[in-house]
Amino acid sequence: MNIKRHPNHIKGSAIWIFFGLAVLIFVNIQVATDTLDFYMVGVLSVVAINVILTVSLNLINGVTGQLSIGHAGFMAVGAYTTGILSSSFGTSIYINLILSGIAAGLAGLLIGLPTLRLRGDYLAIATLGFGEIIRVILQNLRITGGAGGLGGIEWIDNFYLTQTVTILAVIIIWRIATSAPGRAMIAIREDEIAAETVGINTTKYKVMAFVIGSCFAGIAGSLFAHRMTYIAPNGFTFMKSIEVLVMLVLGGLGSITGAIFSAIFLTLLPEFLRFIDEWRMVIYPALLVIVMLFRSQGLFGTMDLDFGQARDVLRKFIPTKYRTTTQTQDQNTVTFRDDHVVKPEEATNPLLEVHNLSIAFGGLKAVSNFNLTLERGSLHGLIGPNGAGKTTMFNMLTGVFPPNEGEIIFNGRRIDGKSAHEVASAGIARTFQNIRLFKDLTVLDNVKVAYHMQAGYGLGTAIVQPPKYGKCEEQVTRDAMHLLDVFNLSESCMTIARNLPYGAQRRLEIARALAVSPSLLLLDEPAAGMNPQETKELVELIHWIRDEFNLTVLLIEHDMSLVMTLCQTISVLDYGIKIFEGSPQQVRNEPRVIEAYLGEEVS
């Protein structure tokens, strides 16, 4: 596969990575030879702690798109866990780091489960409240020393240990962000509903990001406590959370490289400005304002270094006989899940049965007592005037809206009341009336996200990255590229989805739906905005994918010529009620259908 450079990878990544390693080695030599004084070594330790805080917050705010402004609260949990263990029990720093991370992670789980149902400003307020609650609790507990703080913590300011923990934290978070779990988190950031409909359990991954981010904030708090030997609640106020958030925003939400750079820059900048005394407190925020005015997306935006490029450079120096290779499959084949393969005894049963399905929004009954049966392999149309309830039907079938009444039986199992990701996992995929691509991801990444259920590994594999990981990722990329080739999109694989022409965006959305490996494909106005030639090609494409992928297709469309040409059976909705169902010829001649569409009186 010949895939171009990813648009979010920084050009010349290998050079910058090797330059960064050279700087790191130089700093370590300076520390080892006592060239740097004691104070500056301490500042470097603070830099490392701030890197951990910023990168961990990036997993929550930047990668997953959840607005948390209470990160100092999790740092406080870790710091006080270490403070109590060290001052009261004399435990080692290694035990303290682990237990502090666990304690902060549990706090993240405790706050994440109830609050991550909120979004935007509401989530920010909830996390802010959590941070303040933690601070108030610490002020009023005897074991924490109350408002007077907690002392007696073993002093450990080991730069090499702090540096090692920081590097491990960055590697772990980078591996998560660039793996299948990371793609799931990014999809949530881009469009939560679309993420659910390709099989991503959004609650699970939002909580996962929150717990991991909180865990590393706790580890940073542990290092901070051992460095300071004394901690107090006023060291973990709202302003500390804002300080970390500013570092993240300055670097670029979603960019791990930006988070690292801005944490280093903003920690060292006040030190370099000390010679101008109080003016440094004016210049410091002024620089931030200037950067945000001219670079609102942050210094790096979503750009990151491509560590794969550095690996490829190093591989050139490894003799061929020592290089590891993986067996690849034929690029012209696509692998699919078999968790919803039809059993022989089920083959004669309908794929989908809908009985008396109803839903109301307030006093408006959008769909009433709807019944539908889809035979396997059929092409079924659902038509009706605007506002008839067609898309609402799709939303109920795919778990976006739970029905108030009725039942949905798919492949012999009831799925009404199931969440959207459970419905997708059962084998139902869809497109949307208004295209819902992950618009700031590449064409290839849009499809790779939809292979989430087929990736074949979880969080542990993403972090450790055994040989299985590389094989799974290669397979996902091959399958995604094959689908793009089917839809004539392979040449645009590294194009940002929002930059595609409208017709190509429609094709990409269908390709993404097919990556879910469905038995039933729901197409919501796929021909909307297409010219006659594109519509003709779409009809041929739908016929082809129905046969090639052994699908049943349910279609909403206003283009009556397309519906009449494509569909074997058509159901007609009007004001949420099915008024007729039959063949295209029967629908064409049915007076009630004519009245619903044209407003003619029927004698």
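Because the structure is a prediction, the values reported are computed rather than measured.
- Between Thr442 and Asp445, the side chains place a donor N or O and an acceptor N or O closer than 3.5 Å (distance only, hydrogens not considered).
- Evaluation of the ring pair (Phe, Tyr, Trp, His ring centres under 6.0 Å) rule for Phe487 yields no partner, not counting sequence neighbours.
- Remark: Phe370 pairs with no residue by the ring pair (Phe, Tyr, Trp, His ring centres under 6.0 Å) rule, at least two apart or across chains.
- The structure places CE of Met396 at 9.0 Å from CZ of Phe401, a figure rounded to the nearest 0.5 Å.
- When all heavy atoms of Arg430 and Ala513 are compared, the closest pair comes out as O-CB, 3.7 Å.
- Listed by chain and number, the residues in a side chain to side chain contact (heavy atoms under 4.5 Å, CB included) with Met564 are Met560, Ile570, Pro584, Val587, Arg588 (sequence neighbours excluded).
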For this session: Take Met185 and Arg189 through the test side chain to side chain contact (heavy atoms under 4.5 Å, CB included) and record every step on the way to the result.
Result: CA-CA 6 Å; Met185 294 173 187; Arg189 179 191 73 196; over 6 Å; no
Going by atom type alone, with no hydrogens or angles, which donor-acceptor pairs under 3.5 Å involve a side-chain atom of residues 536-547 and a protein atom two or more places apart or on another chain?
from: Glu537; atom 1: OE2; to: Gln533; atom 2: NE2; distance (Å): 3.2
from: Arg546; atom 1: NH1; to: Gly377; atom 2: O; distance (Å): 2.6

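- When side chains are defined from C-beta on, Phe300 counts as touching Ile10, because their heavy atoms get closer than 4.5 Å.
- The CZ atom of Arg507 sits 14.0 Å away from the OG1 atom of Thr431 when rounded to the nearest 0.5 Å.
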For this session: Starting from the C-alpha separation in whole Å, work towards a yes-or-no answer on side chain to side chain contact (heavy atoms under 4.5 Å, CB included) for Leu372 and Ser571.
Result: CA-CA 8 Å; Leu372 178 69; Ser571 298; 3.7 Å; yes
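- Remark: the backbone N or O of Gly576 is not paired with any side-chain donor or acceptor of Ser368 at under 3.5 angstrom.
- Not a single donor-acceptor pair under 3.5 Å links the side chain of Tyr122 to the backbone N or O of Arg117.
- A donor-acceptor contact shorter than 3.5 Å links the side chain of Gln309 to the backbone of Ala14.
- Atom CG in Leu351 sits 9.0 Å away from atom CD in Glu375 (nearest 0.5 Å).
- Between the side chain of Lys439 and the backbone N or O of Glu190 there is no donor-acceptor pair closer than 3.5 Å.
- Here the side chain of Ser214 pairs a donor or acceptor atom with the backbone of Phe210 at under 3.5 angstrom.
- Proximity of Arg5 to Met494: side-chain heavy atoms (C-beta onward) are nowhere separated by under 4.5 Å.
- Here the closest heavy-atom approach between residue Arg183 and residue Thr178 is recorded as NH1-O, 4.3 Å.
- Annotation: salt bridge (Lys or Arg N to Asp or Glu O under 4.0 Å) contacts involving residues 493-506, sequence neighbours excluded, comprise Asp440-Arg498, Arg506-Glu509.
- Under the salt bridge (Lys or Arg N to Asp or Glu O under 4.0 Å) criterion, Lys206 pairs with Glu192, sequence neighbours left out.
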Exercise. Can you list the steps and then say if Val449 with Ile200 is a side chain to side chain contact (heavy atoms under 4.5 Å, CB included)?
Worked result: CA-CA 9 Å; Val449 165; Ile200 294 169; 3.7 Å; yes
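- Under the rule for a salt bridge (Lys or Arg N to Asp or Glu O under 4.0 Å), the partners of Glu590 that lie at least two apart in sequence or sit in another chain are Arg592.
- In terms of heavy atoms, Pro385 sits closest to Asp574 at CG-OD1, 3.7 Å.
- The CZ atom of Arg436 sits 14.0 Å away from the CD atom of Gln505 when rounded to the nearest 0.5 Å.
- Scanning for side chain to side chain contact (heavy atoms under 4.5 Å, CB included) contacts around Phe307 gives Ile17, Trp174, Leu305, with sequence neighbours left out.
- The minimum heavy-atom distance linking Tyr502 with Gly529 is given by the pair CE2-CA, 3.8 Å.
- To the nearest 0.5 Å, atom CD1 of residue Ile111 and atom CG of residue Leu116 are 8.5 Å apart.
- Summarising the geometry of Thr127 relative to Ser68, their closest heavy-atom pair is OG1-CA, 3.5 Å, with the distance given to 0.1 Å.
- Taking Asp416 as the reference, Arg414 meet the salt bridge (Lys or Arg N to Asp or Glu O under 4.0 Å) condition, with sequence neighbours excluded.
- Within the 3.5 Å criterion, the main-chain N or O of Ala360 finds a donor-acceptor partner in the side chain of Asn404.
- Open room surrounds CG on Asp121; 12 or fewer heavy atoms of other groups in view lie less than 6.0 Å from it.
- Annotation for Asn550: atom CG does not count as buried by contact number, only 12 or fewer foreign heavy atoms lying within 6.0 Å.
- Here the closest heavy-atom approach between residue Leu489 and residue Ala504 is recorded as CD2-CB, 3.9 Å.
- Ser179 meets the side chain to side chain contact (heavy atoms under 4.5 Å, CB included) test with Pro181, Tyr457, Ala462, Tyr469; sequence neighbours excluded.
- Taking the six-membered ring for Trp and the full ring otherwise, Tyr205 and His421 have centroids separated by 6.0 Å or more.
- Formation of a donor-acceptor pair under 3.5 Å by the Glu196 side chain with backbone atoms of Ile193 is not found in this model.
- In this view, Glu581 and Lys578 satisfy the salt bridge (Lys or Arg N to Asp or Glu O under 4.0 Å) rule, not counting sequence neighbours.
- Side-chain polar atoms of Ser419 and Glu422 form a donor-acceptor pair below 3.5 angstrom.
- With sequence neighbours left out, the side chain to side chain contact (heavy atoms under 4.5 Å, CB included) criterion links Thr535 to Ala527, Met530, Asp559, Leu562.
- Gln568 places a side-chain N or O within donor-acceptor distance of the main-chain N or O of Leu379, the cut-off being under 3.5 Å.
- At least one donor-acceptor pair under 3.5 Å links the side chain of Asp304 to the backbone N or O of Ile256.
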Exercise. Can you check side chain to side chain contact (heavy atoms under 4.5 Å, CB included) on Leu522 and Ile556, steps first, answer last?
Worked result: CA-CA 8 Å; Leu522 309 182; Ile556 293 174; over 6 Å; no
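- Gln465 CD to Glu473 CD: the interatomic distance, rounded to the nearest 0.5 Å, is 8.0 Å.
- No donor-acceptor pair under 3.5 Å is formed between the side chain of Glu557 and the backbone N or O of Val563.
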